[in-house]
Amino acid sequence: MAERIEVLLSEEEVDKRIQEIGDQISKDYAGKNVHLVCVLKGGSFFMCELAKRITVPVSLDFMSVSSYGGDTKSSGVVKIVKDLDESLRDKDVIVVEDIVDSGRTLSYLLEMLKDRGPADVKLCTLLDKPERRVVDVKVDYTGFEIPDEFVVGYGLDYDQKYRNLPYIGVVKFD
């Protein structure tokens, strides 16, 4: 079965929205330092572009997590594959994600990070699929709300392909 990609959000739309989020974070954190925590792999493209647009001092860290369980869907139980390199104690933390859908994994992850003593923890996502939410997760900064479609590009993949697309596309199967 062949797949094709239809553009959902153009490179220009994505770039403009990331600038707007960067401006808002810069305003919200004026006079402070921001510690961005990227959830790998998908969030890396978004976080790098976002960090370039934030005007207050920024530090970065990365973590890789996987949801596991006996089902094909996320169980919400998180296994840390790569933990953070730095302590979060007393830092203003923004967790940066590529997409929020069910909310299971992020809900668990955010609670775990809050237990590490940061001054504050906020959530920033490029894409949000609210109609897929099964666990309530507060998203503080949202790039775009999108329909329940399988999307790729800007870090999101299908079978490890299409992460490098400079736009957000919908995978269509022929």
Side-chain angles (χ1 to χ4, degrees), residues 1-30 32-65 67 73-74 92-107 109-110 120-174:
M1 182 176 353
E3 72 255 10
R4 60 185 163 77
I5 310 301
E6 292 181 0
V7 176
L8 177 65
L9 298 164
S10 71
E11 182 176 3
E12 294 76 21
E13 289 174 290
V14 174
D15 189 56
K16 179 178 183 280
R17 185 65 188 126
I18 293 172
Q19 181 64 57
E20 292 168 353
I21 296 168
D23 291 344
Q24 187 63 53
I25 290 171
S26 299
K27 181 179 166 194
D28 293 350
Y29 288 88
K32 298 182 178 182
N33 296 336
V34 175
H35 188 67
L36 301 180
V37 172
C38 176
V39 181
L40 294 171
K41 294 177 186 172
S44 60
F45 287 73
F46 175 44
M47 186 173 83
C48 290
E49 291 301 316
L50 179 63
K52 292 190 300 188
R53 291 162 173 84
I54 297 173
T55 57
V56 299
V58 172
S59 55
L60 310 174
D61 208 343
F62 300 85
M63 76 185 313
S64 181
V65 298
S67 296
K73 294 190 168 124
S74 168
D92 289 304
V93 174
I94 300 177
V95 175
V96 180
E97 260 287 18
D98 53 359
I99 192 166
V100 178
D101 50 31
S102 75
R104 284 188 183 108
T105 301
L106 266 177
S107 175
L109 178 63
L110 290 169
D120 190 37
V121 176
K122 301 256 191 239
L123 175 60
C124 178
T125 187
L126 180 59
L127 304 173
D128 189 3
K129 287 184 182 180
E131 66 188 76
R132 297 228 342 140
R133 200 82 83 245
V134 295
V135 175
D136 190 32
V137 175
K138 181 178 187 252
V139 181
D140 301 282
Y141 303 98
T142 301
F144 302 92
E145 282 192 10
I146 62 168
D148 187 14
E149 301 266 11
F150 193 88
V151 291
V152 294
Y154 232 91
L156 294 137
D157 74 295
Y158 169 67
D159 196 25
Q160 294 298 326
K161 298 184 291 188
Y162 308 116
R163 284 190 197 277
N164 61 318
L165 294 176
Y167 57 86
I168 303 297
V170 176
V171 179
K172 299 290 185 179
F173 297 94
D174 296 325

Discussion item. Go through it in stages, so that I can follow the logic: the residues are K16 and E12, the test is salt bridge (charged side-chain N to carboxylate O under 4.0 Å, His left out), and I'd like the CA-CA distance, side-chain angles, deciding distance and then a yes or no.
Written reply: CA-CA 6 Å; K16 179 178 183 280; E12 294 76 21; over 6 Å; no

Minimum heavy-atom separation for [X] and [Y], please, with both atom names.
X	Y	result
R104	V135	CG-CG2, 3.8 Å
P130	I146	CD-O, 4.3 Å
V34	L36	CG1-CD2, 3.6 Å
S44	C38	N-SG, 3.3 Å
K41	Q160	NZ-OE1, 4.0 Å
L123	V137	CD2-CG1, 3.5 Å

With a 4.5 Å limit on heavy-atom distance, are the side chains of [X] and [Y] in contact?
X	Y	value
D140	K138	yes
I168	Y154	yes
L50	I25	yes
F45	D98	no
L109	M63	yes
R133	D128	yes
K52	V58	no
I18	L126	yes

Quick check: does any side chain N or O of [X] sit under 3.5 Å from a backbone N or O of [Y], one acting as donor and the other as acceptor?
X	Y	answer
K129	E149	yes
T125	L127	yes
S26	T55	yes

Item to complete: Please determine, by modelled atom types, if D23 and Q19 share a side-chain donor-acceptor pair under 3.5 angstrom.
Response: yes

Practice prompt. Kindly check if the number of other-residue, nucleotide or ligand heavy atoms within 6.0 Å of CG (D148) is above 12?
Written response: yes

Worksheet entry | More than 12 heavy atoms from other groups under 6.0 Å of NZ on K161 | yes

Worksheet entry | Steps toward salt bridge (charged side-chain N to carboxylate O under 4.0 Å, His left out) verdict (R17, E49) | CA-CA 11 Å; R17 185 65 188 126; E49 291 301 316; over 6 Å; no

[X] [atom1] to [Y] [atom2] distance, which is reported to the nearest 0.5 Å:
X	Y	atom1	atom2	answer
L40	E97	CG	CD	9.5 Å
I94	D120	CD1	CG	8.5 Å
F144	L9	CZ	CG	5.0 Å

Discussion item. So, using ring-ring contact (aromatic ring centres under 6.0 Å, His included) as the criterion, who are the partners of F150 when residues are at least two apart?
Written reply: Y158

